[in-house]
Amino acid sequence: MDINVVNALTYEDFVKLFGNVVEKCPLIPAAIWSHRPFKDLADIEAHIRKFIHSLPDSGKEGVLRCHPDLAGLDLQRGTLTRESQEEQSQAGMTTLDSAESLQMYSLNTDYKERFGFPFVICARLNSKADIVRQLSERLKNDRAVEEVTTLCSLRLRNIVLSDIQTKL
Ligand SMILES: NC(=O)NC1=NC(=O)NC1=O
């Protein structure tokens, strides 16, 4: 998709197209719209990263809390966003056996109790085994915001590198 097409979008169409590049945080594309015209896709990504990293810790934690647990209640209830559903199923979260589901529930619960926000990882870039390993390891330390910006970049590319007209 041509960056000039993105730059010509109304505010409403821009948020309609990019509103969920950061899970359930339409505020972020709504805020960076002010920075158009964008040079290219990387410029859009840079503005989103800058916005997220400029947030106070409470704001960063709020962004993390907008992410559904992997293999959590939203998945079981069928209430995931389209993007999350695709990402979680691609990472094997929809085909866990009962022991794996229990392990994910237990690790996610421990993680939220320890940090006060959910474990977030870019599911598209990790296998089921990677996710369990990272979740276990990160119970010791955390790099969740980097995962959010990586996740966002993949969603952004998915939109920008596809046919814009079909999404408006
Ligand atoms: N807690 C999470 O990491 N959730 C997710 N990661 C993804 O890539 N998609 C999600 O829904």
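Counting convention: from 1, in listed order, for ligands and their atoms alike. These values consider heavy atoms only, across backbone and side chains, with no hydrogens, waters or symmetry-generated copies. Fair warning: this is a prediction, and the values are worked out from it, not measured in the lab.
- Residue Lys24 qualifies as enclosed at atom NZ: its count of foreign heavy atoms under 6.0 Å is above 12.
- Ranking protein heavy atoms by distance to atom 8 (O) of ligand 1, first place goes to Ala123 N, 2.8 Å.
- Here's the thing with Glu87: one of its N/O atoms is less than 3.5 angstrom from an N/O atom of ligand 1.
- Residue Pro68 places at least one N or O, backbone or side chain, under 3.5 Å from an N or O of ligand 1.
- Note on Asp130 versus Arg133: salt bridge recorded, some NZ/NE/NH1/NH2 to OD/OE distance being below 4.0 Å.
- With rounding to the nearest 0.5 angstrom, the CD atom of Glu86 is 6.0 Å from the CZ atom of Arg124.
- With a 4.0 Å cut-off on non-hydrogen atoms, Gln88 touches ligand 1 through its side chain and not its backbone.
- The single protein non-hydrogen atom nearest to atom 6 (N) of ligand 1 is Ile121 O, 2.8 Å, given as residue, atom name and distance.
- For Val120 against Arg138, the heavy-atom pair with the smallest separation is O-NH2, 3.0 Å.
- When non-hydrogen atoms are compared, ligand 1 lies under 4.0 Å from the backbone of Val120 as well as from its side chain.
- Taking the side chain as every heavy atom from C-beta outward, Ile44 and His47 never approach each other to under 4.5 Å.
- By the 3.5 Å distance cut-off applied to N or O atoms, Ser84 is counted among the residues near ligand 1.
- In this structure, Tyr11 and Trp33 have perpendicular ring planes: the angle between them is above 60°, well past the 30° mark.
- Heavy atoms of Cys122 come nearer than 4.0 angstrom to ligand 1 in at least one pair.
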Where do Ser84 and Glu23 land on the side chain to side chain donor-acceptor pair (under 3.5 Å) test, with the steps shown first?
-> CA-CA 8 Å; Ser84 282; Glu23 182 71 2; 3.3 Å; yes
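- On a distance-only criterion, Arg155 and ligand 1 share no N/O pair closer than 3.5 Å.
- Atoms of ligand 1 lying under 4.0 Å from any heavy atom of Phe119, numbered from 1 in the order shown and given with element: 1 (N), 2 (C), 3 (O).
- Smallest separation of non-hydrogen atoms from Pro118 and Arg65: CD-CA, 3.7 Å.
- Atom 5 (C) of ligand 1 has Leu70 CD2, 3.8 Å as its closest protein atom, hydrogens excluded (heavy atom only).
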